[in-house]
> 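One structure, pasted below without further comment.
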Amino acid sequence: MTFPIAIIGTGIAGLSAAGALQAAGLEVQLFDKGRGSGGRMASKRTEVGTLDLGAQYFTCRDRRFAEAVQQWRSHGWVAEWQPSLYDSANGLLRPSQDEQIRWIGTPRMSALTRGLLGDLPVRFSCQITEVFHGTQHWMLQDAGGNAYGPFSQVVVATPPPQAAQLLAAAPKLASSVAGVAMEPNWAVALSFEQALDTPVDGCFIQDSPLEWVSRNRGKPGRASQPDTWVLQASSRWTRQHLDLAKEQVVEQLYGAFAELIGCTVPQPTFTLAHRWLYGRPVGTHGWGALADSSLGLYACGDWCLSGRVEGAWLSGQEAARKLLQHRAN
Ligand code: FAD
């Protein structure tokens with residue numbers, strides 16, 4: 001008798017692993033504590049439209065990832081974003097020389113993970129708190145005390161703090177994961193009744209509480225929305241203001257935005273603040289994916305590679321490859 005493989009996390013890494021395992025003919029069962037897929041690529045529905053508060057776009061360096069992106073494009077899940085990009089340093093705003101190709105989910109970032117999820121079996125709003133070994137196979141327990149299983153193998157595709165806890169049955173893996181530090185990021189959305197009089201669609205920022213701002217309606221598939229901007233604070237500023245009240249975060253980042261954007265910025269008609277406690281991994285790792293194949297436990301995520309969407313997807317592929325290789329032996 002064969003049992004399915006449990007995958008904890010439906011961010012891009014978990015879905016990448018799920019797709020590769022399903023393509024190899026294996027049965028998977030996904031779990032996520034969120035109400036939908038996407039994790040740090042998720043989009044938030046608001047009264048001013050759907051906003052990308054996490055990953056803003058992704059770039060493509062690896063050949064395999066580039067092939068996958070072309071397939072996603074043919075499904076209409078992603079589109080190339082050709083923003084009017086600027087750099088801001090020492091208070092000076094200049095057109096950016098950066099000519100990288102940038103991709104985004106369309107009409108919202110989460111469209112990509114929705115597409116990848118397809119009709120894979122998934123349980124949302126289900127926070128897994130424990131991965132434990134039953135008589136012969138793996139079992140999961142959620143925060144409500146419900147048990148799921150049996151599973152032949154488990155792929156943990158969550159950020160490191162959660163992964164370290166879920167991998168307690170494999171202490172070596174757990175201690176590697178526990179050593180990965182994550183940086184927090186505040187993200188703020190501001191909406192304006194009148195479109196701001198600026199050519200900027202996106203801007204990389206230095207010497208400011210902000211490190212990035214982007215205009216939502218400048219992205220493919222979002223043209224009809226009001227003039228809403230997403231502002232991302234630097235990790236440094238976020239660390240220093242981790243517990244600041246949301247209204248004050250909005251106020252301070254609004255001030256920094258008004259200072260740099262080079263046009264009149266009226267009071268916003270809508271504001272929102274979101275804190276990513278585990279936003280981006282500090283530094284890069286060359287792990288690909290972590291595995292204790294003899295136990296049947298695997299871990300993947302952006303933190304195993306580059307800390308970007310591409311790294312997360314490649315890490316999911318690598319977890320699946322290691323799992324399939326072990327099953328073949
Ligand atoms: P995640 O997306 O974090 O997915 C993990 C999933 O696990 C989540 O859905 C979570 O709900 C679930 N989960 C966690 N714990 C549990 C549990 N106990 N039980 C069940 N489910 C659980 N990358 C780029 O390439 N370009 C960018 O412009 C960019 N900008 C960014 C801006 C911000 C503010 C942030 C925060 C990140 C940004 N990134 C960017 C990074 C990018 O978002 C991540 O690298 C990528 O989305 C990580 O994917 P992942 O699958 O590894 O993890």
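Order of listing sets the numbers, starting from 1, for every ligand and every atom in it.
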> Mark yes when over 12 heavy atoms from residues, nucleotides or ligands other than Gln240 sit less than 6.0 Å from its CD; otherwise mark no.
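Yes, CD of Gln240 has more than 12 neighbouring heavy atoms, counting only those of other groups under 6.0 Å.
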> Could you tell me, atom by atom, which parts of ligand 1 come under 4.0 Å of a heavy atom of Gly38?
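Counting atoms of ligand 1 from 1, those under 4.0 Å from Gly38 are 2 (O).
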> What's the shortest distance from atom 21 (N) of ligand 1 to any protein heavy atom, and which residue and atom give it?
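Answer for atom 21 (N) of ligand 1: Lys33 N, 3.0 Å.
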> Any idea which of Asp32, Val230, Leu277 brings a heavy atom closest to atom 9 (O) of ligand 1?
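Going through Asp32, Val230, Leu277 one by one, Asp32 has the nearest heavy atom to atom 9 (O) of ligand 1.
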> Could you check if a side-chain atom of Trp186 sits within less than 4.5 angstrom of a side-chain atom of Lys246, using non-hydrogen atoms only?
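The answer is yes; the side chains approach within 4.5 Å.
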> To check your reading of the model: name the closest protein heavy atom to atom 7 (O) of ligand 1, its residue, and the distance in Å.
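Looking only at protein heavy atoms, the one closest to atom 7 (O) of ligand 1 is Gly9 CA, 3.3 Å.
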> Please indicate whether Arg45 has more than 12 foreign heavy atoms, meaning atoms of other residues, nucleotides or ligands, lying under 6.0 Å from its CZ.
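No, because the 6.0 Å sphere around CZ of Arg45 holds 12 heavy atoms or fewer from other groups.
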> Could you list the atoms of ligand 1 found under 4.0 angstrom from a heavy atom of Gly279?
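That gives atoms 36 (C), 37 (C) of ligand 1.
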> In this structure, does ligand 1 have an atom that sits under 4.0 Å from one of the heavy atoms of Ala187?
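The answer is no, since Ala187 has no heavy atom less than 4.0 Å from ligand 1.
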> Nearest to atom 5 (C) of ligand 1, what protein heavy atom do you find, and at what distance?
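Here the nearest protein heavy atom works out to Ala157 O, 3.3 Å.
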> For Thr129 and Gln141, run side-chain hydrogen bond (donor to acceptor under 3.5 Å, both in side chains): C-alpha distance rounded to whole Å, both residues' side-chain angles, the deciding distance at 0.1 Å, then the answer.
CA-CA 6 Å; Thr129 52; Gln141 182 165 302; 4.8 Å; no
> Should we count CG of Asp119 as having more than 12 external heavy atoms under 6.0 Å?
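Open: at most 12 neighbouring heavy atoms sit under 6.0 Å from CG of Asp119.
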> Closest non-hydrogen protein atom to atom 32 (C) of ligand 1, residue and atom name please, with distance?
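Going atom by atom, the protein heavy atom closest to atom 32 (C) of ligand 1 ends up being Gly54 O, 3.4 Å.
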> Looking at ligand 1, is there an atom of it that comes within less than 4.0 Å of some heavy atom belonging to Cys126?
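Under 4.0 Å: yes for Cys126.
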> Considering the heavy atoms of Gly307, write down every atom of ligand 1 situated less than 4.0 Å from one of them.
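Here the atoms of ligand 1 in question are 41 (C), 45 (O).
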> Whether Asp142 and Arg123 form a salt bridge (side-chain N of Lys/Arg under 4.0 Å from carboxylate O of Asp/Glu) is what I want to check.
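No, Arg123 and Asp142 are not salt-bridged.
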> What distance separates Thr158 OG1 from Ile128 CD1, expressed to the nearest 0.5 Å?
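Between Thr158 OG1 and Ile128 CD1, I get 11.0 Å after rounding to 0.5 Å.
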> Would you check whether Ile12 has a nitrogen or oxygen atom less than 3.5 angstrom from a nitrogen or oxygen atom of ligand 1?
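Right, the criterion is met.
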> As a check for students: among Leu53, Thr238, Ile128, Leu305, identify the option with a heavy atom nearest to atom 17 (C) of ligand 1.
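Among Leu53, Thr238, Ile128, Leu305, the closest heavy atom to atom 17 (C) of ligand 1 comes from Ile128.
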> May I have the step-by-step check of side chain to side chain contact (heavy atoms under 4.5 Å, CB included) for Gln70 and Arg73, ending in yes or no?
CA-CA 5 Å; Gln70 289 306 329; Arg73 173 158 75 170; 3.1 Å; yes
> Would you check whether Glu310 has a nitrogen or oxygen atom less than 3.5 angstrom from a nitrogen or oxygen atom of ligand 1?
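Checking ligand 1 against Glu310, no N or O pair falls under 3.5 Å apart.
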> Checking Arg114 against Ser37 for the side-chain hydrogen bond (donor to acceptor under 3.5 Å, both in side chains) test, could you report, in this order, the C-alpha distance in whole Å, the side-chain angles of both residues, the deciding distance, and whether it holds?
CA-CA 7 Å; Arg114 295 291 188 279; Ser37 63; 2.7 Å; yes
> Distance check, rounded to the nearest 0.5 Å: Leu93 atom CG versus Cys263 atom SG?
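Reported to 0.5 Å precision, the distance equals 9.5 Å.
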> May I ask you to identify the nearest protein heavy atom to atom 2 (O) of ligand 1, giving residue, atom name and distance to one decimal place in Å?
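In this structure, atom 2 (O) of ligand 1 has Arg40 N, 2.8 Å as its nearest protein heavy atom.
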> Within a distance under 4.0 Å of any heavy atom of Gln127, pick out the atoms of ligand 1 and give their elements.
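Heavy-atom distances to Gln127 below 4.0 Å select 18 (N), 19 (N).
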> Starting from atom 47 (O) of ligand 1, locate the nearest protein heavy atom and write down its residue, its atom name and how far away it is, to 0.1 Å.
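Of the protein heavy atoms, Met41 CG, 3.5 Å lies nearest.
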> Report the part of Thr129 in contact with ligand 1, treating N, CA, C, O as backbone and CB onward as side chain, heavy atoms under 4.0 Å; options are side chain, backbone, both, neither.
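The answer is neither; Thr129 stays 4.0 Å or more away.
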> Below 4.0 Å from any atom of ligand 1, is there a heavy atom belonging to Gly311?
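It does not; every heavy atom stays at 4.0 Å or beyond.
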> Distance from Trp138 atom CH2 to Phe151 atom CZ, nearest 0.5 Å?
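Rounded to the nearest 0.5 Å, the CH2-CZ separation comes out at 12.5 Å.
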> More than 12 heavy atoms of other residues, nucleotides or ligands under 6.0 Å from CD of Glu67: is that the case?
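Counting other residues, nucleotides and ligands, CD of Glu67 exceeds 12 neighbours.
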> Does Glu318 come within less than 4.0 Å of Arg321, counting only side-chain N to carboxylate O?
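Yes, charged N to carboxylate O under 4.0 Å.
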> Within the structure, does Ala13 bring an N/O atom to less than 3.5 angstrom of an N/O atom in ligand 1?
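Such a contact does occur with ligand 1.
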> Which of these, Gly11, Gly14, Ala17, has its nearest heavy atom closest to atom 4 (O) of ligand 1?
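Nearest option to atom 4 (O) of ligand 1, by heavy atoms: Gly11.
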> For atom 30 (N) of ligand 1, which of Glu130, Arg280, Gln232 has the closest heavy atom?
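Among Glu130, Arg280, Gln232, the closest heavy atom to atom 30 (N) of ligand 1 belongs to Arg280.
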> Just need the protein heavy atom nearest to atom 26 (N) of ligand 1, so name the residue and atom and give the distance.
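Here the closest protein heavy atom is Tyr57 O, 2.7 Å.
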> Measure the distance from atom 25 (O) of ligand 1 to every protein heavy atom, then report the residue, atom name and distance (to 0.1 Å) of the closest one.
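Protein heavy atom at minimum distance: Val309 N, 2.9 Å.
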> Under 3.5 Å between any N/O of Asp302 and any N/O of ligand 1: does that happen in this structure?
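Looking only at distances, the answer is yes, because the N/O contact criterion of under 3.5 Å is met.
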> Would you mind listing which atoms of ligand 1 come within a distance below 4.0 Å of any non-hydrogen atom of Gly301?
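What qualifies from ligand 1 is 52 (O).
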> Scan residues 164-190 for pairs that pass salt bridge (Lys or Arg N to Asp or Glu O under 4.0 Å), counting only residues two or more places apart or in two chains.
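The answer is Glu183-Arg239.
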> Name the residue from His285, Arg280, Arg40, Arg308 that meets the side-chain hydrogen bond (donor to acceptor under 3.5 Å, both in side chains) definition with Asp302.
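Between Asp302 and the candidates, side-chain hydrogen bond (donor to acceptor under 3.5 Å, both in side chains) is satisfied uniquely by Arg40.
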